[in-house]
Number of protein chains: 2
Amino acid sequence: MDTKSPSPELNRLTASVLKALAHPIRLQIVEVLREGERCVCEIVDSIEGQRSNISRHIGILMRAGLIEGRREGLRIFYRLKMPCVLSFFDCTHKVLIQQLRERARMLEEL
Amino acid sequence: MDTKSPSPELNRLTASVLKALAHPIRLQIVEVLREGERCVCEIVDSIEGQRSNISRHIGILMRAGLIEGRREGLRIFYRLKMPCVLSFFDCTHKVLIQQLRERARMLEEL
DNA sequence: TTACTTTGTTACTAAAAACTCACATAGACG
DNA sequence: CGTCTATGTGAGTTTTTAGTAACAAAGTAA
């Protein structure tokens with residue numbers, strides 16, 4: 001019997017999903033797609049950065065299964081495939097607010 | 001007026017929180033702490049990997065504000081500070097199951 | 001067909017993260 | 001004090017990820 005963690009393999013897979021999301025540009029893409037389907041051209045226009053770089057990040061979200069695309073003529077429209085990821089932000093915001101609180105308190109204590 | 005994404009800076013911070021969690025060892029630490037407070041020695045015993053490396057990962061979770069520690073003699077006991085991160089796993093599991101479904105379907109289509 | 005548009009990919013460089021080993025610190029206790 | 005135990009850190013190497021520029025692919029339409 002293995003005395004170590006119950007699910008190292010599941011944790012490896014879970015990490016790969018979180019990692020796919022853990023990048024500012026990829027979060028901005030998710031933020032844009034939150035409003036609905038968008039073509040790459042629209043995504044690129046709404047985000048700072050080079051077209052080929054943004055295209056790479058779209059690919060990372062695709063391969064992680066978080067978004068999906070559909071071609072319409074020359075354009076490819078992407079949309080959120082797993083909208084449940086939006087629920088992460090409630091918690092991440094709590095974490096950030098807590099970080100701020102503590103840093104403010106540390107400043108006061110000087 | 002800025003025509004780009006509404007919150008690039010917030011997304012940078014959000015990414016830093018997600019990134020802190022997006023590693024197999026750190027997820028295993030969270031999994032262990034889910035059951036309650038644990039000292040480093042117990043965490044190390046329950047996870048595959050070198051002491052100093054696990055210590056580093058504990059540090060990363062600490063600096064992200066996801067866990068907190070308390071010294072008791074020689075030992076330091078850590079616990080989840082933001083249990084809301086546990087809610088992420090509902091969604092990450094959905095994503096993984098969906099990935100599996102699609103890969104199975106692709107195999108069938110051969 | 002050729003020319004054009006939109007998107008994705010290859011190959012490379014640069015930057016960041018992870019891992020390891022040795023050492024440092026903090027407290028307990030003789 | 002010295003020594004032991006538990007934990008953290010510095011410095012270096014290796015691995016992974018990000019970014020860029022040039023090119024390739026897929027569709028449109030003259």
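- Between R56(A) and R75(A), the residue anchored nearer the 5' end of DNA chain C, judged by the nucleotide with its closest heavy atom, is R75(A).
- Judged by distance alone, with hydrogens and angles left aside, S52(B) brings no side-chain donor or acceptor close enough to the base of dC19(C) to form a pair under 3.5 Å.
- Of the possible donor and acceptor atoms, one in the side chain of Q99(A) sits under 3.5 Å from a partner among the backbone N and O of A64(B).
- Residue R51(A) has no polar side-chain atom (N or O) positioned under 4.0 Å from OP1 or OP2 of dA21(D).
- Between the CD atom of E72(B) and the C1' atom of dG27(C) there is a distance of 13 Å, given to the nearest Å.
- Note on I54(B): nothing from the nucleic acid sits closer than 4.0 angstrom, heavy atoms only.
- In this structure, the CD1 atom of I76(A) is 9 Å from the P atom of dG27(D), given to the nearest Å.
- Rounded to an integer number of Å, the gap from CG of L61(A) to P of dA18(D) is 11 Å.
- Note that the CD atom of E68(B) and the CE atom of M82(B) stand 10.0 Å from one another [nearest 0.5 Å].
- Under 4.0 angstrom from either OP1 or OP2 of dG19(D) there lies at least one side-chain N or O belonging to H23(A).
- Here CG of L10(B) is found 7.5 Å from CD of E31(A). Values are rounded to the nearest 0.5 Å.
- Checking the phosphate oxygens (OP1, OP2) of dT17(D), no side-chain nitrogen or oxygen of H57(A) falls inside 4.0 Å.
- Nearer to the 5' terminus of DNA chain D, by closest-nucleotide assignment, is the contact made by I58(B) (compared with the other of I58(B) and G73(A)).
- In plain terms, the two heavy atoms of C41(B) and R75(B) that are nearest each other are SG-NE, 4.0 Å.
- The nearest whole Å value for the distance from the CG atom in D45(B) to the P atom in dT5(D) is 15 Å.
- Atoms CZ (R70(B)) and P (dG27(C)) sit 15 Å apart, rounded to a whole Å.
- As a whole-Å value, the separation of N53(A) CG from dC12(C) C1' is 14 Å.
- If you measure from atom CD of Q50(A) to atom P of dT20(D), you get 5 Å, rounded to the nearest angstrom.
- For the pair I29(B) CD1 and dG8(D) C1', the interatomic distance rounds to 14 Å; values are reported in whole Å.
- The side chain of V40(B) has dG8(D) as its nearest neighbour among dA18(C), dG8(D), dT7(C).
- Between the R26(B) side chain and the A20(B) main chain, a donor and an acceptor come within less than 3.5 Å of each other.
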